Amino acid sequence: MSTDVSGMIECRPLARIFGEDDEDAVWHAAIDLFLLNTANGYSALACLFGVRNSFGFRPLSESRGFPTDASEELRETFHASGGAQDAYGTTWISWAELVAADWDETDRSGSRSRSTEAGAGTPWAPVWDVMRALAGVHGAGHVRLVVWFE
């Protein structure tokens, strides 16, 4: 059975200006992952999110759950796809965490690195490009990717 990834990039535009605790510093949907055509390469899902991880990667963000402060559009999209009842492995990761990650870290065999499976030149590159651009405007800690699997 195949595994499909769904999700959305979000940002918090006013958090950088007014601070994270300000009532207007809420998350906003930026772009649906579907539009960035990430594919479902299992080695990428393994090294990033721990899904289908027969490779032995140490995932960057595994099963953190759906963010309680998610944007309304993300909530609607998640629930329209079946929500927690149909999804598994739901998690999120910030651009700050992605920047700090060890992209040269390998799987258990040492034959695959995070960079070769999900870095530049892979189907995940457009996701990183969008997140990088948003982080340049709003700050690395105010941009995140939320994903779930079906």
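From a predicted model like this one, the values you see are computed outputs, not experimental measurements.
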Intermediate values then yes/no, side chain to side chain contact (heavy atoms under 4.5 Å, CB included), D107 and N53
CA-CA 9 Å; D107 65 354; N53 194 5; over 6 Å; no
When you look at S6 and E150, which way does the side chain to side chain donor-acceptor pair (under 3.5 Å) test go after all the steps?
CA-CA 8 Å; S6 298; E150 303 167 88; 3.1 Å; yes
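- Salt-bridge check for R64 with E97: passed, with a basic side-chain N closer than 4.0 Å to an acidic carboxylate O.
- Here the closest non-hydrogen pair linking S63 and G89 is OG-CA, 3.9 Å.
- When side chains are defined from C-beta on, F66 counts as touching L74, because their heavy atoms get closer than 4.5 Å.
- Counting heavy atoms from C-beta on, the side chains of W95 and V130 never come closer than 4.5 Å.
- The backbone N or O of A118 sits less than 3.5 Å from a side-chain atom of W128, completing a donor-acceptor pair.
- Using a 4.5 Å cut-off between side-chain heavy atoms of Ile, Leu, Val, Met, Phe, Trp and Tyr, with links allowed through other members, V99 and W124 fall into the same hydrophobic cluster.
- Note that CZ of F78 is 9.0 Å distant from CG of D86, once rounded to the nearest 0.5 Å.
- Listed here is the closest heavy atom pair of S43 and R112: CB-CD, 4.2 Å.
- Relative orientation of the F57 and F55 rings is tilted, given thresholds of 30° and 60° on the angle between their planes.
- Rounding to the nearest 0.5 angstrom, the gap separating the CH2 atom in W27 from the OG atom in S71 is 9.5 Å.
- Here the straight-line distance linking atom CG of L134 with atom CZ of R12 works out to 13.5 Å at 0.5 Å rounding.
- Checking side-chain atoms of Y42 against main-chain N and O of T3 turns up a donor-acceptor pair under 3.5 Å.
- Atom CG in L36 sits 9.0 Å away from atom CG in D129 (nearest 0.5 Å).
- Linking ILVMFWY side-chain heavy atoms closer than 4.5 Å, directly or via other members, places V143 and W103 in a single hydrophobic cluster.
- The list of salt bridge (charged side-chain N to carboxylate O under 4.0 Å, His left out) pairs with a residue in residues 68-78, not counting sequence neighbours, reads D69-R144.
- We find the NE2-NE2 distance between H28 and H138 to be 9.0 Å, quoted to the nearest 0.5 Å.
- When hydrophobic clusters are built by joining Ile, Leu, Val, Met, Phe, Trp and Tyr residues whose side-chain heavy atoms come closer than 4.5 Å, directly or via intermediates, I93 is not grouped with V146.
- In this structure, R132 contributes its side chain and A140 its backbone to no donor-acceptor pair below 3.5 Å.
- V137 and I31 fall into different hydrophobic clusters, where Ile, Leu, Val, Met, Phe, Trp and Tyr are joined by side-chain heavy atoms under 4.5 Å apart, directly or via other members.
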What verdict does the side chain to side chain contact (heavy atoms under 4.5 Å, CB included) test give for F149 and D4, after you've listed the backbone C-alpha separation in whole Å, the side-chain angles of each residue and the deciding distance to 0.1 Å?
CA-CA 6 Å; F149 303 90; D4 292 320; over 6 Å; no
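- No continuous path of hydrophobic side-chain contacts links V26 to L14 [ILVMFWY only; heavy atoms under 4.5 Å].
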Given side chain to side chain contact (heavy atoms under 4.5 Å, CB included), test T77 with M8 step by step and report yes or no.
CA-CA 9 Å; T77 301; M8 193 170 286; 3.5 Å; yes
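- Between W148 and Y88, the distance from one ring center to the other does not fall under 6.0 angstrom.
- With hydrogens and angles disregarded, no donor-acceptor distance shorter than 3.5 Å links the side chain of N40 to the backbone of V5.
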CA sep, side-chain torsions, deciding dist, call: M131, L98, side chain to side chain contact (heavy atoms under 4.5 Å, CB included)
CA-CA 10 Å; M131 291 182 76; L98 287 163; 3.8 Å; yes
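- Nearest approach of S109 to S111, heavy atoms of both residues: OG-OG, 2.6 Å.
- A donor-acceptor pair is defined here as one N or O able to donate and one able to accept, closer than 3.5 Å; such a pair exists between the side chain of S61 and the backbone of W92.
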Pair S115, S113 - check side chain to side chain donor-acceptor pair (under 3.5 Å), show working.
CA-CA 5 Å; S115 179; S113 72; 4.7 Å; no
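- We find the CG-CG distance between L60 and D102 to be 9.0 Å, quoted to the nearest 0.5 Å.
- Considering only heavy atoms from C-beta on, R114 comes within 4.5 Å of C47 through its side chain.
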